[in-house]
Every structure is written in structure tokens, then in C-alpha cells.
Engineer: 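Structure in C-alpha cells, see below.
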Amino acid sequence: MRLGRVSLTAFTWLVAILFVFPLVWMVLTAFKQEADAYTDPPKLFFSPTLEQFAGVFERGFLPYLANSGFVTVLSTLAVLVLGIPAAYALSIAPVKGTGNALGFFLSTKMLPIVAAIIPLYVISQNVQLLDNVWALVILYTAMNLPLAVWMMRSFFLEVPREMIEAGRVDGATLPTLLSRIILPVVAPGIAATALICVIFSWTEFFYAINLTAARAGTVPVFLSGFITSEGLYWAQLSAAALLASLPVMIVGWIAQNHLVRGLSMGAVK
Amino acid sequence: MTTTTAAPTPPPVSEAAPVSAPRRRANPWKRRAPLLPALLFTIAVTQVPFLVTVFYSFQSWNLVRPGSQHFVGVQNYVDVFADSQFRGAMLNTVLLTVVCVFVSMLLGLGLALLLDRKFVGRSVVRTLIITPFLILPAAGALLWKTTMFDPTYGLLNVGFGGNTDWLSEFPLASVMTQVVWQWTPFMTLLILAGLQGQSKEVLEAAQVDGAGRWRTFASITLPQLSRYLQLAALLGAIYIVNSFDAIYLMTQGGPGTASTNLPFYIYQRAFEGFDVGQSSAMGVIVVVLTLVVATFALRLMFRTFEVSGGVK
């Protein structure tokens, strides 16, 4: 029995390590010279260098990073500003047709984004939003809003009704009710929702590659630049991939538990 | 697109027990006010472009020939249905979605079961396993294309011997591998959440009653997991059906059209062929098909949630 437990644990570790091995390899490759990146057999031991990271910044990584940060932060804030009142209206003070509204929000997620890209391109062109970060802010807000409303609604449903009633009796207006009574209770849920919006905005590729270029390009657009250039520089590509993913990776690691709650739409306490 | 008709069975919303005092009912618009900005914004940004797509789909319009735009009726649709590449892309989309959702859920279930016990370094292992979900899909795709699948220096060939050119010989399977790798952590997390939400008493009672491990899993754990599994499948399918990053960065839909899915094909026709009319028609067809599947999925999902008391 004990031996079984130990070997199951060892097996779990082995599976986990195999599973993340491509990423481990990416981190190793990022610290290699280009010449060490392509060898047969692959090199496990080499003299590490930061050259590739410097190279990534020389290729002009910073503006892309800034664009990603701008778009992610603003679209997530916009989702919260629009989504919190909506979640309130669909949970605590449910309006008529709540079910239809929820169904509508979810159904927009099923609209393949590719079906709208052509008009979005033409419209962006006409209103001077092509290769402009604001186009992405608007689109990412719309992309994340439906899921956010669903998630936040399920968190709002957990607010004890007595608390809200008590507030109402005391004559609290909606803003007071939201900020004093409801938000403190649902704050972790809102954090989980915001985190998921951040991840999806940071990693979005399709809108970014089609609607932006050198000026408003985000981090994924920068990465895609590696396939069009002369050959692939594996070591530098690995360094860029690591730098590009690091912000979301760190946030995600720290907030793992929130992530689980958010993904299960609040179903797990 | 999709209007509210896509939500056939309203979910078990607590409309029956509104908190509000009756006086509030006097002014429905005041109650609706908090919902309206989000609703109007979503309609404007997601539905209006789709309506424009429908309009474009009845036009012949090539972006490289300014002034070529004119009404052609359903000609674009006729052309699209006669296009064997479109049908191939449709088949690839279905294959990619079904296989990836199924395999990543199976792996996710396995990993979640491994993680649902106490052992040394459990939180580290969980952190390792969720990491592929946190990496940029674009980064993941390029990483697999180079360090894993490369015929000469890729780790797959180094590890297993041989010099298979994975991306040319098995393009769709290679893309699927990357997508499954990316989505397995998501499935694991959701299923693990479900496993940990089970009541310990019921599990212990089953053990006391002498139910074996497999029996307990099949008749207690799995039924309790079902709504998590469905949520995982639905969310996974929504994202995987739109897969674009992996195909664009790893194979460019090739060789030939072997790994072209619908999003990539429409992208090619619109942004490389500049054929607005036909690519719009394809977009409309994709939406109609998605709508059919989605209505079915939503119905299923709402029914499950109703049975299980709604997602709280």
C-alpha cells in the first residue's frame, strides 16, 4: 500500500515534468547561444548567456509590450465597469428576461470571430482605427464581457439576501449598495474574473494580427514576426516567448486558486 | 450573431424570488438601467459587424479592385458550396475541435485524479501543470514548431529516433498535439475543482459499504462531475473551434490545405485573396452551423444546470 502510494506520487511527478518539458526546454534555450540551440544531440549543459534577451529588446520588443499592457489593462477595466452593473441586474435585482439576456451574452461567445473580421477591418479602416490600440481595447472588451457577466453573476448570487435587504431598508441607493455591501463580498470573484480577462486579452492573436501592425501591435504580433524573418532563431525566439509569457505566467501562478474559482464560474467555494 | 432565440430554455434564474420591494417594480427601466450599457455595447460590437457580414455576402467585392462592389444575390453561396477546399476546411475544423476537446478532457481527467490526493509537492505539480495554459498560444505554437517538431534538431526525433518531418507528414495531428497541450491544463483545473467539490461523507459512506475504487468512481464521482465536464467541453469547444494561432504559426494551413480549418481558410480568402464577398458568405455559413450546434449545446447545458440546481 505504502509502496503503491510512493510510486503513484513518483508517476505524478514524472507526468507533470514530461508535460511541462517543452517549457523547460524553452527556458534553457533562451539562455543559449544560437549555435548551442541546434545541436544533435541537444545540449543540456552550456555556458548561459543573456545575449538573446538583449537581442529581443534590440528587435524593438518594448513598444509591443507597452501596447499589450495598455490594451489588457484598459479592456479589463472596461469589462468591470460594464459588467458589474450588468451582473447586478441579472442576479441581485433580476430584471424581466434575465434568462434571455444571459443566453444572449453566452451566445455571442459562440459567434466565430472570423465571421466578423471583414466588417471590423473595413470599419476600422474608415474610422482610422486600423493599427490603433483603441480598436483592440474595444474588441477585447466585447470579447471578454459575456463570460465576465456570467462569472460575476454567479458570484453575486452568493451575496446573502438579508444583507441587501437591510441595506435597502436603510435607504441605500444603488451605488452605495454596490460599493458598501455587495462589492466587499464579491471582491474575490471579481478578482478571479479580472484575472481571466487579463489572460485572454494578453494572449489574443486573431484580432491583433489582422487589425494591427508595427504601430499598435501587441506581444503575440511581435512573436509572429519570427516566422516571417530569415529562418528561425531558436534561442532568440525562446527568449522572446519567455519574456512575452512571463507577465501572465506570474500573475496566473500567484492567483491559481482564484483562477480555478473563476473558471468554474464560482461553483467551487 | 445569434439573437436571443439561441437561448431556448431560460436558466433557473431566481426571478421567482426577487429581493426587491414591490415599489421597485413600478419603474422597470430603472431596474434595467444597470444592464443596458453592457447589453448595448455587446450588441453594437458583436452583432452589428455580423449583420454587415451578411450584407457583404450578397456582394461581389474584391478589395484590390476598388469600385468592383455590386450585388450578386446568392452567387457567393453557390460558389462556396461548390468549393471542395471549403468542405475540406469544414471537416478539419470538426476533426480538430472534437479530437482536441475529447483528448484534452481525457488527459485532464487523468491529471485531475492524480492531483486529487495529498502527496509531496502537490502544489508545485499543480503549478507545473497549469503553466501551458498561461503561456501565449503564439509562443506555444512557435515553440512546438521549432524545438519539438523540427525534423533535424527537434526533441521528438532526438527522443524517439528517426527523422520524421512531423509538420509536413502529420500536419493536422501536430497542430492537434499543440492545442491539446495548451488546453489540457484548463480541463484539469476545471475537473479538479469538480473533484474537490464532492462531499467527503458520500465517498466515505461508499467505502464503508464496500464499494471498490472503480465502482465509487463510476457511480458517484462521474455523475457528480458531469456538469463540470460539460462546462469544460462547452468552453473548450468555443475556443478550439476558433483555433487560428497554431495553424497560422505552425503550418500556414499546409502542406496544401491539409491542416486548413475554417478560420484560417476565411482569413486566407479575405486577407490574401481580398475576396470580401465569398469570405463573408463563408463566415455566414460558419455562423449558421455554429448556431445549430450551439443551440443544441446550450439547451443541454441549461438542462443540466437546472437538474443540478444551477451554477452558483
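Below, chain A is the first sequence line, B the second, and so on; all start at residue 1.
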Engineer: Taking side chain as everything from C-beta outward and backbone as N, CA, C, O, which of these in Ile138(A) sits under 4.5 Å from a heavy atom of chain B? Side chain, backbone, both or neither.
Structural biologist: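 Backbone plus side chain of Ile138(A), per the 4.5 Å heavy-atom cut-off to chain B.
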Engineer: Taking only residues two or more places apart in sequence or in another chain, which ones pass salt bridge (charged side-chain N to carboxylate O under 4.0 Å, His left out) with Asp150(B)?
Structural biologist: none
Engineer: Which answer fits Val122(A), side chain, backbone, both or neither, if we ask what part of it has an atom under 4.5 Å from a heavy atom of chain B?
Structural biologist: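 For Val122(A), side-chain heavy atoms alone lie under 4.5 Å from chain B.
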Engineer: Going by ring-ring contact (aromatic ring centres under 6.0 Å, His included), name the residues that satisfy it together with Phe156(A), two or more places apart in sequence or in a different chain.
Structural biologist: none
Engineer: Please classify the contact between Ile209(A) and chain B as side chain, backbone, both or neither, with a heavy-atom cut-off of under 4.5 Å.
Structural biologist: side chain
Engineer: What option among Ala270(B), Ala237(B), Pro137(B), Gly154(B) has the most heavy-atom pairs under 4.5 Å with chain A?
Structural biologist: Pro137(B)
Engineer: Will you find, in the side chains of Thr9(A) and Arg122(B), an N or O donor that is under 3.5 Å from an N or O acceptor?
Structural biologist: no
Engineer: Parallel, tilted or perpendicular: which describes the rings of Phe19(A) and Trp181(B), with under 30° parallel and over 60° perpendicular?
Structural biologist: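 Plane angle between 30° and 60°, so tilted.
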Engineer: Sort Trp25(A) into side chain, backbone, both or neither according to what part of it lies under 4.5 angstrom from a heavy atom of chain B.
Structural biologist: side chain
Engineer: With a 4.5 angstrom heavy-atom cut-off, which part of Val15(A) approaches chain B: side chain, backbone, both or neither?
Structural biologist: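 Contact with chain B is through the side chain of Val15(A) alone.
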Engineer: For Phe271(B) and Tyr121(A), take the angle between the two ring planes, folded into 0 to 90°, and tell me which bin it lands in: parallel under 30, tilted 30 to 60, perpendicular over 60.
Structural biologist: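 Perpendicular.
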Engineer: Keeping Thr146(B) on the side-chain end and Trp234(A) on the backbone end, is there a donor-acceptor pair under 3.5 Å?
Structural biologist: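 Not at all, since once roles are kept as given, no pair shorter than 3.5 Å links the two residues.
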